[in-house]
2 protein chains.
Amino acid sequence: MEYLEGKNKFIQAWGTLGSNWGINKAMAQIHALLLLATEPLSAEQIMEELQISRGNANMNLRALMDWGIVKKEFKVGERKEFFSTSKDVWELAKQVSRERRRREIEPILSILKEVQGVSGENKKEVEEFKKVTAELFDFSQKVDNTLVKFTNSDQNWFFKLLLKI
Amino acid sequence: MEYLEGKNKFIQAWGTLGSNWGINKAMAQIHALLLLATEPLSAEQIMEELQISRGNANMNLRALMDWGIVKKEFKVGERKEFFSTSKDVWELAKQVSRERRRREIEPILSILKEVQGVSGENKKEVEEFKKVTAELFDFSQKVDNTLVKFTNSDQNWFFKLLLKI
DNA sequence: AATAAGTTTCAATAATATTTGAAAGTATAG
DNA sequence: CTATACTTTCAAATATTATTGAAACTTATT
């Protein structure tokens, strides 16, 4: 397979994967492009390679920076900004976990806690509600704890551990 | 907080959580409703409670059944179909992992493997490409293995294990 | 201070995904 | 067999989300 074909295939696949996990296609594709780049890329280069507009590139680069997985860089003598991402897959996974934990697990935990105190006429329904939400709370908390450990772990502690089983 | 308020809050939150993870809102909300129900619900009841159309209810119930997390049930003397979901959060998590593994990890693994064999003029680029995709392949395979263990584990083996650390 | 190079914003537009509802399909009961 | 109760399908409508592009803004250079 030709390099260019492989590259496009990979970028395409990364975009699709992102979409399935609630990350917009352009954002995932920019990330894929940066993963493959041998040096930081300018907004122009990204626009050009992915055939997207300046506004789109800018917004998604910002989103990637918000996620903490893309960094702005400057080159001496150049006024333009350049962008790069870490090639360390392990670091990437940890950063994504960290953000998703903050953005999704924490809010759901807080809601589950909040709704625990419901009251009402129908005893059976209320009890079922409390039971289910309590179990979800418990489970979510376990996931949360696991992610905290994971995101703070050095190396691939996690997988090494699993190998021992 | 009144039961109804809590219920709505939970259903709403479950829908939002779903959206963030690439699952459509109605699908997640139907699931939330079934989680809280004290007995299997008919399509009518679901349509009524969530204020959605018959077609919508039907399609998303089918999708939930495809995911293996909702089951059709029949009541004696009733011609209608009823739907229920397992209240076991652990089982639910395993089933979702199983499906996502099949639907997303396996395809990406196959693409990563496929693009490994690229060739091209620019040695530096090609090498970087192979390096990055090889690392992603390795990582994805580890995740895949972990999920296999997870989805086959009894009880909360996983979390119990983590407690030991 | 004026110009140039580059970045950001955001209303308008386009693309995508979801939802509806009515018609077609199926199965059960009489 | 056929009327009835219910389910499924899917084209069209709607809602949501992503993208564009040009104007506004910012910063650096002369």
Between A/E91 and A/S86, does the side chain to side chain donor-acceptor pair (under 3.5 Å) criterion hold? Intermediate values first, please. CA-CA 8 Å; A/E91 269 312 318; A/S86 161; over 6 Å; no

Nearest-0.5 Å distance that lies between atom CD1 in B/I108 and atom CG in A/N20: 9.5 Å

Verify whether one side chain among A/E128 and B/T38 offers a donor that lies under 3.5 Å from an acceptor in the other. no

Between atom CG in B/N60 and atom P in C/dT19, what is the gap in whole Å? 6 Å

Rounded to whole Å, CG of A/D66 lies from C1' of C/dT8 at a distance of 14 Å

Roughly, in whole Å, what's the span from CD in B/Q51 to C1' in C/dT20? 13 Å

In whole Å, I'd like the distance from the CD atom of A/E44 to the P atom of D/dG21. 15 Å

Pairing of A/E125 and B/K7 as salt bridge, 4.0 angstrom limit: no

Indicate yes or no for a side-chain donor-acceptor contact from A/S110 to the backbone of A/E106 under 3.5 Å, with no hydrogens or angles considered. no

With the sugar-phosphate defined as primed atoms, P, OP1 and OP2, and the base as all remaining atoms, what B/S/- string results for nucleotides 9-14 of chain C, 5' to 3', for protein heavy atoms under 4.0 Å? BB----

Measure the spacing between CD of B/E104 and OG of B/S140 and express it to the nearest 0.5 Å. 12.0 Å

Go through residues 72-86 of chain B and report each residue with a non-hydrogen atom lying under 4.0 Å from DNA chain D, sorted by number. B/K72, B/R79, B/K80, B/E81

Trace of the salt bridge (charged side-chain N to carboxylate O under 4.0 Å, His left out) decision for B/K124 with B/E127: CA-CA 5 Å; B/K124 200 176 170 193; B/E127 264 171 21; over 6 Å; no

Between residues 12-37 of chain B and DNA chain D, which residues have a heavy-atom gap below 4.0 Å? none

May I have the distance from B/M47 (atom CE) to C/dT18 (atom P), rounded to whole angstrom? 20 Å

If you take all heavy atoms of B/A32 and B/F10, which pair is closest and at what distance? CB-CE2, 3.9 Å

Under 4.0 Å between a Lys/Arg side-chain N and an Asp/Glu carboxylate O for B/E44 and B/R54? yes

Salt-bridge contact A/D66-A/R62 (side-chain N to carboxylate O under 4.0 Å): no

Knowing that exactly one of B/Q29, B/H31, B/K25 qualifies, which makes a side chain to side chain contact (heavy atoms under 4.5 Å, CB included) with B/W14? B/H31

How many Å lie between CG on A/L50 and C1' on D/dT19, as a whole number? 13 Å

Over how many whole Å does the gap from A/M65 atom CE to C/dT8 atom C1' extend? 11 Å

